[in-house]
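Since the structure comes first, as structure tokens, the remarks are kept for the end.
Positions are given from 1, in the same order as the sequence printed here.
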Amino acid sequence: MINSDSKHGNEVRWVVMGVSGCGKSTVGQALAHELGVPFVEGDRFHPAANVAKMSAGMALDDSDRAGWLGALQEQIRDARERGAGLVVSCSALKRRYRDLLRQGDPALRFAHLDGSRDLIAGRMRARADHYMPPSLLESQLRDLEPLQADEAGVVLDIGIAPVQQVAHILGQGAINGA
């Protein structure tokens, strides 16, 4: 799938995943920039009811996430059908959520940003103007199902700089024939 005029393969579609506060938006934007492809901020696709529920400190359940994941799947499918690259930020906490996203593109790749509970909680507390309260971190960690061996992607330590995370993602894409 590598575009012959691109050293990184700008026709690849990536989901930057992980719990809230792990840096999905920062890494996703940087990756999209490096690939020269659009970035889709997954949080913007949450319906108002989901945002209100999270703002009130209530965790989303599978039914709450269904429409949101479907909307992101459409973005991914559209990019695949156009032969275009895309980077999406999405928690993609559970395997079945990732399977749903992959229905939009079977070759979809995931970059799982992983780190310690303390580091992530500190980042969440430091954020201004975000609807996701730190009190919901535990529910996200409880729901998180790490990438499995049969899922295309890479797990990255959020303790390293975002630029290093992006370099690692790009290296994985080249190694894996993206």
Side-chain angles (χ1 to χ4, degrees), residues 10-35 37-55 58-82 84-115 120 123-124 127 130-133 136-137 139-148 150-158 162 165-166 168-170 172-173 178:
N10 63 6
E11 294 178 10
V12 177
R13 283 149 305 275
W14 284 91
V15 171
V16 180
M17 63 168 280
V19 298
S20 185
C22 69
K24 294 181 297 289
S25 297
T26 299
V27 173
Q29 289 170 351
L31 177 61
H33 176 77
E34 285 298 312
L35 291 171
V37 302
F39 172 70
V40 171
E41 173 57 66
D43 283 348
R44 292 199 177 124
F45 285 77
H46 274 297
N50 282 7
V51 174
K53 189 172 182 178
M54 289 183 282
S55 295
M58 294 184 289
L60 299 180
D61 60 26
D62 290 350
S63 64
D64 294 324
R65 291 183 176 116
W68 170 65
L69 290 165
L72 294 176
Q73 180 199 74
E74 287 178 31
Q75 296 291 309
I76 293 164
R77 176 179 287 115
D78 180 60
R80 178 185 53 85
E81 289 174 353
R82 291 182 290 108
L86 183 70
V87 175
V88 177
S89 65
C90 173
S91 56
L93 298 174
K94 297 181 181 182
R95 170 69 186 249
R96 66 179 166 264
Y97 300 166
R98 296 188 298 271
D99 290 343
L100 180 68
L101 295 173
R102 266 191 293 273
Q103 289 176 17
D105 178 6
L108 188 63
R109 296 178 174 279
F110 293 87
H112 177 188
L113 306 185
D114 189 35
I120 295 168
R123 287 180 175 188
M124 290 180 79
R127 291 193 300 194
H130 197 281
Y131 57 80
M132 182 71 141
L136 289 180
L137 177 58
S139 69
Q140 289 216 322
L141 290 170
R142 186 175 49 251
D143 284 350
L144 179 62
E145 297 171 0
L147 284 177
Q148 301 299 301
D150 64 333
E151 294 184 273
V154 60
V155 178
L156 299 164
D157 179 356
I158 65 169
Q165 293 174 28
V166 169
H168 190 76
I169 294 167
L170 294 173
Q172 282 297 114

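- When all heavy atoms of Glu41 and Ser89 are compared, the closest pair comes out as OE2-OG, 3.1 Å.
- Note that the CG atom of Leu93 and the CZ atom of Arg65 stand 5.5 Å from one another [nearest 0.5 Å].
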Q: Determine, step by step, whether Val15 and Ile76 satisfy the side chain to side chain contact (heavy atoms under 4.5 Å, CB included) criterion, reporting the C-alpha distance in whole Å, the side-chain angles of both residues, the deciding distance to 0.1 Å, and the verdict.
A: CA-CA 9 Å; Val15 171; Ile76 293 164; 4.1 Å; yes
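- For the side chain to side chain contact (heavy atoms under 4.5 Å, CB included) test with Val37, the passing option among Leu31, Val12, Val87 is Val87; the others fail.
- When atom types are taken as modelled, the side chain of Trp14 and the backbone of Ala32 share no donor-acceptor pair closer than 3.5 angstrom.
- A pairwise comparison of heavy atoms in Gly70 and Leu100 identifies N-CD2, 4.2 Å as the closest pair.
- A pairwise comparison of heavy atoms in Ala92 and Phe110 identifies CB-CE2, 4.4 Å as the closest pair.
- Ser20 contributes atom OG, which lies 10.0 Å from atom CG of Leu141 (distance to the nearest 0.5 angstrom).
- Among all heavy-atom pairs drawn from Arg13 and Leu108, the shortest one is O-CD1, 3.4 Å.
- Annotation: side chain of Val16 is not in contact with side chain of Gln165 (no heavy-atom distance under 4.5 Å).
- At least one donor-acceptor pair under 3.5 Å links the side chain of Lys24 to the backbone N or O of Val19.
- Looking at every heavy atom in both residues, Val27 comes nearest to Pro162 through CG2-CB, 4.1 Å.
- A distance of 12.5 Å separates CG in Leu72 from CZ in Arg44, rounded to the nearest 0.5 Å.
- The heavy-atom pair separating His46 from Leu60 by the smallest distance is CE1-CD1, 3.6 Å.
- Once rounded to the nearest 0.5 Å, the distance linking CD1 of Ile158 with OG1 of Thr26 reads 11.0 Å.
- Sorted by first then second residue, the salt bridge (charged side-chain N to carboxylate O under 4.0 Å, His left out) pairs that include residues 84-95, not counting sequence neighbours, are Asp62-Lys94, Arg95-Asp99, Arg95-Asp150, Arg95-Glu151.
- Residues Phe45 and Cys90 have side chains not in contact (no heavy-atom distance under 4.5 Å, counting atoms from C-beta outward).
- Counting heavy atoms from C-beta outward, Val51 and Asp43 have side chains that stay 4.5 Å or more apart.
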